[in-house]
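Remarks on the structure that follows.
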Amino acid sequence: MGKGLEISFQVNDSKHEETVVMHLANLTGNEMKKKAELQWRIFNVTLGENRFFKVLFTGPRVNRLHPKLENEIKEYFDTLSKASVDELNREYGEKSREPDFRVEHIQELKEEYDLWQDKFWQYF
């Protein structure tokens with residue numbers, strides 16, 4: 001993604017995988033939209049035999065986010081990612097009661113390997 005911020009990750013706990021992903025993305029998105037106009041999308045990505053999740057954060061016109069906001073998003077997401085499932089559930093339960101809390105759902109996305117965009121080719 002050339003614009004905005006992309007966070008790709010995997011979840012260790014497959015039993016609570018969807019819950020953890022939704023909580024991480026939606027808590028981060030809603031907290032950061034208090035600071036700036038922000039949109040986000042959550043994807044369950046299949047790439048060959050691999051599966052991972054991706055959250056894309058963009059501004060209102062799909063433009064580059066301010067570097068300070070990008071850092072705040074990364075730090076907040078990282079802090080949440082260290083919480084237990086119970087802590088995430090508790091936080092999500094509290095924050096989701098706020099009147100302007102927005103929920104994005106996980107979308108399926110299948111990606112193909114594109115070796116021509118591999119950084120290896122940029123060295124020639």
Side-chain angles (χ1 to χ4, degrees):
M1 181 174 150
K3 309 220 182 240
L5 174 63
E6 175 181 314
I7 298 177
S8 297
F9 61 100
Q10 292 181 313
V11 177
N12 291 335
D13 184 358
S14 61
K15 182 179 172 187
H16 299 101
E17 187 175 68
E18 188 172 317
T19 301
V20 168
V21 171
M22 294 257 313
H23 287 9
L24 287 172
N26 288 317
L27 284 170
T28 301
N30 280 286
E31 185 64 28
M32 294 301 128
K33 79 176 180 146
K34 294 174 183 174
K35 300 176 183 217
E37 198 170 341
L38 187 70
Q39 301 170 14
W40 64 97
R41 299 288 180 267
I42 312 166
F43 297 98
N44 181 354
V45 182
T46 303
L47 178 62
E49 298 293 318
N50 300 310
R51 276 187 63 243
F52 60 95
F53 293 93
K54 184 183 292 192
V55 184
L56 306 176
F57 296 95
T58 62
R61 292 175 293 283
V62 192
N63 58 354
R64 185 120 183 104
L65 298 174
H66 190 280
K68 182 179 181 209
L69 181 60
E70 279 191 13
N71 285 336
E72 288 178 8
I73 291 171
K74 290 175 192 176
E75 289 171 5
Y76 191 82
F77 190 92
D78 187 50
T79 300
L80 286 177
S81 72
K82 294 173 183 164
S84 70
V85 175
D86 291 336
E87 291 170 331
L88 280 175
N89 285 336
R90 191 170 23 263
E91 178 89 9
Y92 194 83
E94 291 173 12
K95 300 275 181 155
S96 64
R97 290 189 202 111
E98 295 176 1
D100 61 343
F101 191 86
R102 196 171 98 216
V103 176
E104 290 293 333
H105 295 281
I106 300 171
Q107 302 171 34
E108 297 294 323
L109 178 65
K110 183 171 181 163
E111 290 186 349
E112 300 288 329
Y113 286 106
D114 186 356
L115 299 178
W116 290 105
Q117 291 194 4
D118 191 327
K119 292 188 188 293
F120 169 79
W121 299 108
Q122 294 177 6
Y123 296 109
F124 287 100

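Any value given below was found using the heavy atoms of this structure, including those in side chains, with hydrogens, waters and symmetry copies removed.
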Which heavy atom in [X] sits nearest to a heavy atom in [Y], and how many Å separate them?
| X | Y | result |
| --- | --- | --- |
| Ala36 | Leu69 | CB-CD2, 3.7 Å |
| Glu70 | Leu5 | O-CD2, 3.9 Å |
| Ile106 | Glu18 | CD1-CG, 3.6 Å |
| Leu88 | Ala83 | CG-CB, 4.2 Å |
| Arg102 | Leu38 | NH1-O, 3.6 Å |
| Thr28 | Leu24 | OG1-O, 2.8 Å |

**Report entry** Among Lys33, Lys35, Lys34, the one residue meeting salt bridge (charged side-chain N to carboxylate O under 4.0 Å, His left out) with Glu31
**Finding:** Lys34

Rounded at 0.5 Å granularity, tell me how far [atom1] in [X] sits from [atom2] in [Y].
| X | Y | atom1 | atom2 | answer |
| --- | --- | --- | --- | --- |
| Thr58 | Leu65 | OG1 | CG | 7.0 Å |
| Leu80 | Glu75 | CG | CD | 12.0 Å |
| Leu56 | Trp40 | CG | CH2 | 13.0 Å |
| Ser81 | Lys74 | OG | NZ | 14.0 Å |
| Phe77 | Leu27 | CZ | CG | 10.5 Å |

Any side-chain heavy-atom pair of [X] and [Y] under 4.5 Å:
| X | Y | answer |
| --- | --- | --- |
| Val103 | Tyr92 | yes |
| Val21 | Asn44 | no |
| Ile42 | His105 | no |
| Arg51 | Glu17 | yes |
| Phe52 | Glu111 | yes |
| Asn30 | Glu98 | no |
| Gln107 | Arg41 | yes |
| Phe57 | Met32 | no |

Query raised in the report: So does Asp100 have more than 12 non-hydrogen atoms from other groups sitting under 6.0 Å from CG?
Result: yes

Query raised in the report: If you draw a 6.0 Å radius around NZ in Lys15, do more than 12 non-hydrogen atoms from other residues or ligands fall strictly inside?
Result: no

Query raised in the report: Which is it for Glu94 and Arg90 under the salt bridge (Lys or Arg N to Asp or Glu O under 4.0 Å) test, yes or no, and what are the steps along the way?
Result: CA-CA 6 Å; Glu94 291 173 12; Arg90 191 170 23 263; 5.6 Å; no

